[in-house]
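One structure below.
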Amino acid sequence: MAKKRILVIDDDENLTRLLKISLEESGSYEVQGENHPDKALSKTLEFNPDLILLDVILGDIDGGEVASQIKEQEQTKNIPIIFLTGAVTEEETQGGTIGGYPFIAKPVSTEKLIKKIETTLSS
């Protein structure tokens, strides 16, 4: 079975690296990271991921703006996005959405993240 391609867009290089290692250790994912939000669209076009994990707060650029750029492109408009946020706690998420996209609170366990990824990819 082919590995699912996951793109992590987060300005925190340590978190990006940690998510890459954690997800790839499962054996089910190929993960690439992008720490510069202004390069997120070009990285998405280059990598062609099955799913994007996108931080809500990216310094100068809002995660919602990055999501809009991705959704405006014909080649990338159907790629599912899961927002990552440190602005709310896990208890506050309650399966909610931000801008119509599912989100998950940071920090997140690998097990919960994989469950959210798989649920999103199967819907």
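Please read these numbers as outputs of a predicted model, since none were measured by experiment.
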- Task: I would like to know whether L19 and V31 meet side chain to side chain contact (heavy atoms under 4.5 Å, CB included); could you show each step before the answer?
- Result: CA-CA 8 Å; L19 290 175; V31 181; 5.7 Å; no
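- Contact record, P102 with K116: CB-CE, 3.9 Å, taken as the closest heavy-atom pair.
- Annotation: cation-pi pair R5/Y29 absent, no NZ/CZ under 6.0 Å from the ring centroid and within 45° of its normal.
- A 4.5 Å side-chain heavy-atom check between S26 and I114 finds at least one atom pair inside the cut-off.
- Here the rule is side-chain contact (heavy atoms from CB on, under 4.5 Å) with I82, and of L54, L121, I104, I6 only I104 fits it.
- No path of Ile, Leu, Val, Met, Phe, Trp and Tyr side chains, each step under 4.5 Å between heavy atoms, connects L84 with I21, placing them in separate hydrophobic clusters.
- L18 and I9 are assigned to two separate hydrophobic clusters, defined by single-linkage of ILVMFWY side chains at heavy-atom distances under 4.5 Å.
- Rounding to the nearest 0.5 Å places CG of N48 at 9.0 Å from OG1 of T76.
- In this structure, CG on L7 lies 8.0 Å from CD1 on I79, to the nearest 0.5 angstrom.
- When all heavy atoms of K77 and K71 are compared, the pair lying nearest together is O-NZ, 2.9 Å.
- The distance from the CG atom of D10 to the NE2 atom of H36 is 12.0 Å, given to the nearest 0.5 Å.
- Contact of the K4 side chain with the S28 side chain is not registered, since no non-hydrogen atoms from C-beta on lie closer than 4.5 Å.
- Here the straight-line distance linking atom CG of L41 with atom NZ of K43 works out to 13.0 Å at 0.5 Å rounding.
- The shortest side-chain heavy-atom distance between D38 and I61 falls under the 4.5 Å cut-off.
- Side chains of Q32 and K20: a donor-acceptor N/O pair is absent below 3.5 angstrom, by distance only.
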- Which is it for L58 and V66 under the side chain to side chain contact (heavy atoms under 4.5 Å, CB included) test, yes or no, and what are the steps along the way? CA-CA 9 Å; L58 292 165; V66 173; 3.8 Å; yes
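- The line from OG of S68 to CD of Q73 is 11.5 Å long, rounded to the nearest 0.5 Å.
- Considering all non-hydrogen atoms of both residues, F83 and A67 come closest at CZ-CB, 4.0 Å.
- With values rounded to the nearest 0.5 angstrom, E34 atom CD is found 12.0 Å from F47 atom CZ.
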- Task: Assess whether salt bridge (Lys or Arg N to Asp or Glu O under 4.0 Å) is satisfied between K106 and D12, documenting all intermediate values.
- Result: CA-CA 12 Å; K106 296 188 283 187; D12 182 340; 6.0 Å; no
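- No side-chain heavy atom of I57 sits less than 4.5 Å from a side-chain heavy atom of D62.
- Judged purely by distance below 3.5 Å, without hydrogens or angles, the side chains of N35 and T16 pair a donor atom with an acceptor atom.
- Among the candidates I70, I81, T44, the single residue satisfying the side-chain contact (heavy atoms from CB on, under 4.5 Å) test with P49 is T44.
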